[in-house]
Novice: 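Input: one structure, supplied below.
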Amino acid sequence: MSASTPRTAATLAATLLTATVALYIALGNITDFGTNQQFVRHVLAMDTTFKDDDLMWRAVTGRGLQDAAYVVIIVWETVAALVLVHGTWLWVRRDDGRARRVSTYGLLMLMVLFGAGFIAVGGEWFAMWQSKDWNGLDAATRVFLLSGVVLVVVQLTGERSAT
């Protein structure tokens, strides 16, 4: 698409929504280090769950392992945010094919982290759903769904063949 070609509504939506998700991840999850670190520690320790003997063997109580897991999460989120910023830049430059591909990668990174990591592993394996204080399933579901909706919009910008 050349710079003089008008933007389609789908392309404008993809640009703005990709930027929104990048901003949300950068501001909300990466910059609040201490609170999120405590969250990860409590979820992994399973210290506010029902203490079911059949599940408690899964608890990770070593601070080093908890903090290592947290650093992996922060790095993953940072890379995803940077990928989405790059995708946004490509949308702005009207390099729609590359923008779609790069944005898709960033959105899928978030869907894997929040879907597989937080909803499946945190929510089920570490029984986060049992905690009244450290239950992040609603927030994880919100990011997973937001990323999924934006992914659909991004995919709607693809070339369509004449039928």
Side-chain angles (χ1 to χ4, degrees), residues 9-10 12-89 91 99-157:
L12 179 60
T15 305
L16 296 175
L17 291 174
T18 301
T20 298
V21 175
L23 182 65
Y24 176 78
I25 293 302
L27 293 180
N29 292 301
I30 296 171
T31 59
D32 190 6
F33 189 88
T35 301
N36 289 324
Q37 182 182 39
Q38 290 304 312
F39 179 87
V40 169
R41 285 179 175 171
H42 284 287
V43 169
L44 294 178
M46 299 174 68
D47 57 359
T48 59
T49 64
F50 299 164
K51 307 281 194 274
D52 184 338
D53 289 337
D54 292 332
L55 300 179
M56 290 308 293
W57 65 270
R58 300 174 181 176
V60 175
T61 56
R63 285 282 172 106
L65 287 174
Q66 292 170 345
D67 290 346
Y70 182 58
V71 168
V72 168
I73 292 167
I74 290 296
V75 168
W76 189 271
E77 288 180 343
T78 301
V79 171
L82 291 172
V83 169
L84 291 170
V85 166
H86 183 62
T88 301
W89 173 247
W91 286 118
R100 185 179 318 101
R101 186 172 55 254
V102 169
S103 297
T104 297
Y105 294 148
L107 293 164
L108 287 174
M109 287 178 72
L110 293 178
M111 292 183 78
V112 167
L113 177 63
F114 285 86
F118 296 144
I119 296 170
V121 175
E124 293 302 318
W125 184 258
F126 291 106
M128 180 171 58
W129 65 270
Q130 295 178 2
S131 178
K132 291 180 182 173
D133 297 320
W134 301 101
N135 183 345
L137 287 174
D138 286 343
T141 301
R142 184 172 51 246
V143 175
F144 182 80
L145 291 175
L146 172 64
S147 299
V149 167
V150 175
L151 181 60
V152 169
V153 171
V154 164
Q155 295 307 308
L156 289 175
T157 65

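Quick note: numbers below take in every heavy atom, side chains included, and nothing from hydrogens, waters or symmetry partners. Everything numeric in this text was worked out from a predicted model, so none of it was measured.
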Novice: For the CG atom of Leu108 and the CG atom of Leu151, what is their distance to the nearest 0.5 Å?
Specialist: 5.5 Å
Novice: What's the shortest heavy-atom distance between Thr48 and Ser131, and which atoms?
Specialist: OG1-OG, 2.6 Å
Novice: Under a 4.5 Å cut-off applied to non-hydrogen side-chain atoms, are Val143 and Ile25 in contact?
Specialist: yes
Novice: Please report the closest heavy-atom contact between Phe118 and Leu137, naming both atoms and the distance.
Specialist: O-CD2, 4.0 Å
Novice: Decide if the gap between the ring center of Tyr70 and the ring center of Phe33 is smaller than 6.0 angstrom.
Specialist: yes
Novice: For residues Ala99 and Gly87, report the shortest heavy-atom separation together with the two atoms involved.
Specialist: CB-O, 3.8 Å
Novice: Rounded to the nearest 0.5 Å, how far apart are CD1 of Ile119 and CE of Met128?
Specialist: 8.0 Å
Novice: Using side-chain heavy atoms (C-beta onward) and a distance below 4.5 Å, is Glu77 in contact with Phe114?
Specialist: yes
Novice: Hey, does Arg142 have a side-chain heavy atom less than 4.5 Å from the side chain of Tyr24?
Specialist: yes
Novice: Would the Trp129 and Phe50 ring centres measure less than 6.0 Å apart?
Specialist: yes
Novice: Can a donor-acceptor pair be found, under 3.5 Å and without considering hydrogens, that links the side chain of Thr157 to the backbone of Val154?
Specialist: yes
Novice: Rounded to the nearest 0.5 Å, what separation is found between the CE atom of Met56 and the CG atom of Asp47?
Specialist: 7.5 Å
Novice: Give a yes or no on this: more than 12 heavy atoms of other residues, nucleotides or ligands lie within 6.0 Å of atom CG of Asp52.
Specialist: yes
Novice: How close do Leu107 and Ser147 get, counting heavy atoms only, and between which atoms?
Specialist: CD2-O, 3.9 Å
Novice: So do Asp67 and Gln37 actually touch side chain to side chain, heavy atoms under 4.5 Å?
Specialist: yes
Novice: Do His42 and Asp133 make a side-chain contact, defined as non-hydrogen atoms from C-beta onward lying under 4.5 Å apart?
Specialist: no
Novice: Working to the nearest 0.5 Å, report the span between CG of Leu146 and CG of Leu17.
Specialist: 7.5 Å
Novice: Pick from Val79, Leu23, Leu110: which one makes a side-chain contact (heavy atoms from CB on, under 4.5 Å) with Leu84?
Specialist: Leu110
Novice: Where do Ala13 and Val153 come nearest, in terms of heavy atoms and distance?
Specialist: CB-CG1, 3.8 Å
Novice: Using only atom types and a distance under 3.5 Å, with no angle test, would you say the side chain of Arg41 pairs donor to acceptor with the backbone of Gln66?
Specialist: no
Novice: Looking only at non-hydrogen atoms, find the nearest pair between Thr15 and Trp91 and report the distance.
Specialist: OG1-CB, 3.1 Å
